[in-house]
Visitor: 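My questions all concern the structure below.
Quick note on labels: first sequence line is chain A, next is B, and so on, each numbered from 1. Please read all numbers here as calculations on a predicted model, not as lab measurements.
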There are 2 protein chains.
Amino acid sequence: MPVSPLQDPDVAAIRQFNRFHTRLVGALNERMLASDYSLAQVRILYELANARPDAPPSARDLGDILQMDAGYLSRLLSGLESDGLLARTPSPENAKRLALTLTERGREVFSGLNEASAREVASLLSGLPAEARGQLTGAMARIRRLLGDTPDTRAFILRDPRPGDLGWVIHRQAALYTQEYGFDWTFEGLISEIAGKFVREFDPARERCWIAEMEGEVVGSVFVVRQDDEVAKLRMLYVDPVARGRGLGRALVEECLRFARGAGYRRMVLWTNDILVSARRIYEAAGFELLEEEHHRSFGHDLVGQNWGRDL
Amino acid sequence: MPVSPLQDPDVAAIRQFNRFHTRLVGALNERMLASDYSLAQVRILYELANARPDAPPSARDLGDILQMDAGYLSRLLSGLESDGLLARTPSPENAKRLALTLTERGREVFSGLNEASAREVASLLSGLPAEARGQLTGAMARIRRLLGDTPDTRAFILRDPRPGDLGWVIHRQAALYTQEYGFDWTFEGLISEIAGKFVREFDPARERCWIAEMEGEVVGSVFVVRQDDEVAKLRMLYVDPVARGRGLGRALVEECLRFARGAGYRRMVLWTNDILVSARRIYEAAGFELLEEEHHRSFGHDLVGQNWGRDL
DNA sequence: CCCGATAAGTTGACTGAAGCAACATAGTCA
DNA sequence: TGACTATGTTGCTTCAGTCAACTTATCGGG
């Protein structure tokens, strides 16, 4: 029995946000739209300024991108041309298409508008402390990611942990494993304790933690801890679903192996569970071998724990 | 030396999000705008449908709210009136102002549009698993909060923890204390370990944890743990800055006291540090007394630890 | 009780945004 | 070469929205 979407609190929350953000963007654009150029013209300038110089778009391309009527567009382009902001030159290979490029003056005008718009945003930010800005951009990145907006750069970076990262990794991992495998909160307790112990007994020479970041968001982690002088242990390998399929897991494990070799270890071991298949594949690819398995009951499930290891 | 706002990655991230969201909202509204009514008319219907029935707005009120030209508005209202969607009746106390109210038909039309819009949003959500929805609305709530949009209801609720909450609380608290007091990451390690130990040794009859939620976001927490049969210990009281000044800290502590009494404890104690002044005030107001202080070096600072306690 | 001031609302005239359709022109392919 | 298609231009129209002049109603003060 389908309930009305009006009853869904998530739907209500999103619509409320949409109203809020639409108003916000309206306010930000208000002053900018008081310029000599209409919104449509500014959008054209934006596209042209951001186009690849070796492949300038034609009027048709612009129409497709901006979803504008060809006739309307033609007039707008004429206006911009007679203002000296853009040049229409026949493409070398296809004389039917007119290549559109910004003139020097066009670039100046656009960068003026662009900077004004950036200033508006900057003044919005000026009242916020650095931590709040990070939260703001992080939340925005998350929304885009969740709604399938492909970020420009999907590269990840590995870095040392900063305060707050451990909690974040615990939070995400607990939420993820609860959702995917039905783990109960004892899992979150376990990883909290592991993380806390790691910090308390931290030996910088022989232990390390990496945080993976993509688009400003934490999307992965891994820890190397000392088991004994000869053996390092890899713990809490975590790869967020949004970052899967990009070799992040492999990169994290390889970073661990490299560090462990440099720190003088002879061997690396790790403990995992059989149901974590994607992790298993990473370990196999990184040269680990399954040593032994034992049944145990944890996190509300009957699981098969696995010990893996490899020489360095 | 002020750098150009174009250089600021936060500004760039926000502008990118703004473009993304504007496009998204445009796509969501596309079908709805294909209805018989223009955006301006729909906005009017929205305002009227959401107005307090005992204080129907006048044309002037609407103009102020919607930032519309009075003449334009007048025409739009005429159109809606002749379509039978709204009634203009003179206000009893001020005959100059015409009270605008939706007719039965107006309410029907609006709820049709409203539902169509909600359906669009619902179909956007339909592809997302429950966890992603929670993240989405959470991120949206955070943005609104950070940018100072006052939510309709600023009430908080206290609830039991769910998987992911512990990590979130650790994350937030570590970020907060790092920013406000310069604590290093050993603080995060400590609270992670405390949280983990709490879960491992959890005794449902005598221990408990509350998570405070406001607008769907976790904004506070507190733990009660057993010290011995007679004495309960309050730990990890955390109140997010955004929730301050609403009595959340007091509510959390009182919940603890109530629970501790019910669980048969005779006394409650807690440990804190002198620099956490806002926490101190909460403890004092809740009847705790400072028992002893000791100097210690932790989290990268010289601190004064305090033991507080009160009988139940 | 009336008169000016003012608030609320209406109407006419106008501008710019945007879409549609007919048309011109240049390339493409049989 | 001729039919066809892609690209762009122009004329016409509609609608959204603004401005200013105007009407009407209310209110306060003499």
Visitor: Nearest whole Å is fine: how far is dG17(D) P from L73(B) CG?
Guide: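 To the nearest whole Å, that distance equals 12 Å.
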Visitor: To the nearest angstrom, how far is D64(A) atom CG from dA6(D) atom C1'?
Guide: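 Those two atoms, CG and C1', are 12 Å apart.
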Visitor: How far apart are the C-alpha atoms of M68(A) and L76(A), what are their side-chain angles, what is the distance that settles it, and do they pass the side-chain contact (heavy atoms from CB on, under 4.5 Å) test?
Guide: CA-CA 10 Å; M68(A) 277 186 197; L76(A) 290 173; 4.1 Å; yes
Visitor: Mind calculating the distance between CG (L62(A)) and P (dT9(D)) to the nearest angstrom?
Guide: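 These atoms are roughly 12 Å apart.
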Visitor: Between H171(A) and H171(B), is the ring centre distance below 6.0 Å?
Guide: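 No: the rings miss the under 6.0 Å criterion.
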Visitor: If only side-chain N and O atoms count, and only distance matters, is there a donor-acceptor pair under 3.5 Å linking N18(A) with R23(A)?
Guide: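 The answer is no; no qualifying pair exists.
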Visitor: In terms of side-chain heavy atoms, does Y37(A) have a donor or acceptor partner in R43(A) at a distance below 3.5 Å?
Guide: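 No, R43(A) and Y37(A) have no side-chain donor paired with an acceptor closer than 3.5 Å.
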Visitor: Any chance you could list the contact pattern along nucleotides 11-24 of chain C? Use B for base contacts, S for sugar-phosphate-only contacts and - for none, protein heavy atoms under 4.0 Å, 5' to 3'.
Guide: BBB---SBBB----
Visitor: Establish, with yes or no, whether the OP1 or OP2 oxygen of dT7(D) is under 4.0 angstrom from a side-chain nitrogen or oxygen of R88(A).
Guide: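 Answer no for this pair, as no side-chain N or O of R88(A) is under 4.0 Å from OP1 or OP2.
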Visitor: How close or far is atom C1' of dT9(D) from atom CZ of R60(A), stated in whole angstroms?
Guide: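 Computing the R60(A):CZ to dT9(D):C1' distance gives 16 Å.
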Visitor: Take S278(B) and R244(B) through the side chain to side chain donor-acceptor pair (under 3.5 Å) test and state the conclusion after the steps.
Guide: CA-CA 9 Å; S278(B) 55; R244(B) 281 180 189 160; 4.8 Å; no
Visitor: Starting at atom CG of L77(B), determine the distance to atom P of dA16(D), rounded to an integer number of angstrom.
Guide: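 That distance rounds to 14 Å.
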Visitor: Excluding sequence neighbours, so at least two apart, what forms salt bridge (Lys or Arg N to Asp or Glu O under 4.0 Å) with R107(A)?
Guide: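 Listed in chain order: E104(A).
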